[in-house]
Protein chains: 2
Amino acid sequence: MRARVEDDAQGRRQVYEACFEPCAIEKGMRIIGGKWTGSILWHLKDGPVRFNDLARMVGGASKKMITERLRQLETQGLVRREVMDTAPVSVHYEITEFGRSALGFLDELRKWSEGLPQEIHADG
Amino acid sequence: MRARVEDDAQGRRQVYEACFEPCAIEKGMRIIGGKWTGSILWHLKDGPVRFNDLARMVGGASKKMITERLRQLETQGLVRREVMDTAPVSVHYEITEFGRSALGFLDELRKWSEGLPQEIHADG
DNA sequence: CAGAATCCAACCGGATACTG
DNA sequence: CAGTATCCGGTTGGATTCTG
């Protein structure tokens, strides 16, 4: 993970990194860093949650967003979708073991975020 | 952090969370979860880096993006900008102590991301 | 070198309405 | 309940050009 430093044909110093293209940080962020994604996963940690409950828990995200992020998490194997055949239909979303493996750093993020001074905002 | 469950006036069950509005996870993500932000911060962990070097290290981000994210990180106090009066001018970006407090989480993310199977992609 | 400025297509995501 | 469908304005962010 150390930087690679070399000089080009014109003798100018060039600095490269061992993490080409989407570096690990960036790659990870693209998976759980998206809007609502981390939050959704986090709210599943205590057990299965129904769609509308989840929407309320996340709070602020539209149903459209919740659905899209859940579908993404599902195809990535972080979340499992289970349809109970009741009437009216009930759908449970459950975090998988794999999804659970992300809870560690999400908790780190939570702790860091909660310790933040008020004057820090997402925008500038 | 437990969910609050109550029934509304019509007797329908409502589930709320102790994390109203931008919950901690979401808030944190909006600060370091943005495109390139985490990556930039990460690449400053070993010491000050010059603008163009940083751009190369992050790799893939345009100068415009690097600049915008750096300005954001600067006003949030995660990064310090230092102009050396040399000719041509040289600008160093350095992570602050506060910025360093986020490295724990970023490192956890990195480890998680590196252990990811190939078939997991940011898109679906 | 370290940006600032401009342009603009693509995507994002909220609002709303509708469905089985 | 658990979504889907459609509309559409706002934001994003890459490409390009220019500057002290």
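Just so it is clear: chains get the letters A, B, ... in the order the sequence lines come, proteins before strands, and each one is counted from 1.
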Check your understanding: Step by step, would you call A:Phe105 with B:Trp112 a ring pair (Phe, Tyr, Trp, His ring centres under 6.0 Å)?
Key -> CA-CA 8 Å; A:Phe105 65 80; B:Trp112 182 76; 5.3 Å; yes
Exercise for review: Output, in order, the C-alpha distance, side-chain angles, deciding distance and verdict of side-chain contact (heavy atoms from CB on, under 4.5 Å) for B:Ile66 and B:Tyr93.
Suggested key: CA-CA 11 Å; B:Ile66 304 283; B:Tyr93 288 93; over 6 Å; no
Point to revise | From CA spacing to verdict: side-chain contact (heavy atoms from CB on, under 4.5 Å), A:Arg30, B:His121 | key: CA-CA 8 Å; A:Arg30 302 296 168 87; B:His121 298 104; over 6 Å; no
Exercise for review: Check the pair B:Leu109 / A:Met29 against side-chain contact (heavy atoms from CB on, under 4.5 Å), numbers first and verdict last.
Suggested key: CA-CA 8 Å; B:Leu109 173 62; A:Met29 281 298 190; 3.8 Å; yes
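The nearest whole Å value for the distance from the CD atom in A:Glu68 to the C1' atom in C:dA15 is 14 Å. Distance, B:Arg30 CZ to D:dT12 P: 11 Å, rounded to whole Å. Separating the CE atom of A:Met84 from the C1' atom of D:dC1 is a distance of 14 Å, rounded to the nearest angstrom. Between the CD1 atom of A:Ile40 and the C1' atom of C:dG13 there is a distance of 13 Å, rounded to whole Å. Between the P atom of C:dG13 and the CG atom of A:Leu70 lies a distance of 15 Å, rounded to the nearest Å. Nucleotide C:dA2 holds its C1' atom 18 Å from the CZ atom of B:Arg69, rounded to whole Å. To the nearest angstrom, C1' of D:dT4 lies 14 Å from CG of A:Asn52. In this entry the distance linking NZ of B:Lys35 with C1' of C:dC12 reads 12 Å, nearest Å.
Nearest-nucleotide mapping onto DNA chain C: of A:Gly60 and A:Lys63, the residue sitting toward the 5' end is A:Gly60. Both A:Ser62 and B:Phe51 lie close to DNA chain C; mapped to their nearest nucleotides by heavy-atom distance, the more 5′-ward contact belongs to B:Phe51. Remark on DNA chain D: of its neighbouring residues A:Pro88 and A:Thr67, the 5'-side contact belongs to A:Pro88, judged by nearest-heavy-atom nucleotide.
In the hydrophobic cluster analysis, where Ile, Leu, Val, Met, Phe, Trp and Tyr join through side-chain heavy atoms closer than 4.5 angstrom, A:Val83 is grouped together with A:Leu73.
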Under 3.5 Å between N/O atoms: give me all the protein pairs with nucleotides 5-7 of chain D, atom names plus distance.
none

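Neither OP1 nor OP2 of C:dC1 sits under 4.0 Å from any side-chain N or O of B:Tyr93. At least one side-chain nitrogen or oxygen of A:Arg71 sits closer than 4.0 Å to the OP1 or OP2 atom of D:dT4. Listed pair B:Arg50 / C:dA2 meets the phosphate criterion, a side-chain N or O lying under 4.0 Å from OP1 or OP2. An OP1 or OP2 oxygen of D:dG3 is reached within less than 4.0 angstrom by a side-chain nitrogen or oxygen of A:Arg81.
Both the sub-6.0 Å distance and the 45° axial angle are not jointly satisfied by A:Arg100 relative to the ring of A:Trp42.
For B:Trp36, the side-chain atoms get nearest to D:dG14 when compared with the rest of D:dG14, C:dG13, C:dG3.
Salt bridge status for B:Glu114 with B:Lys111: absent, with no side-chain N to carboxylate O gap under 4.0 Å.
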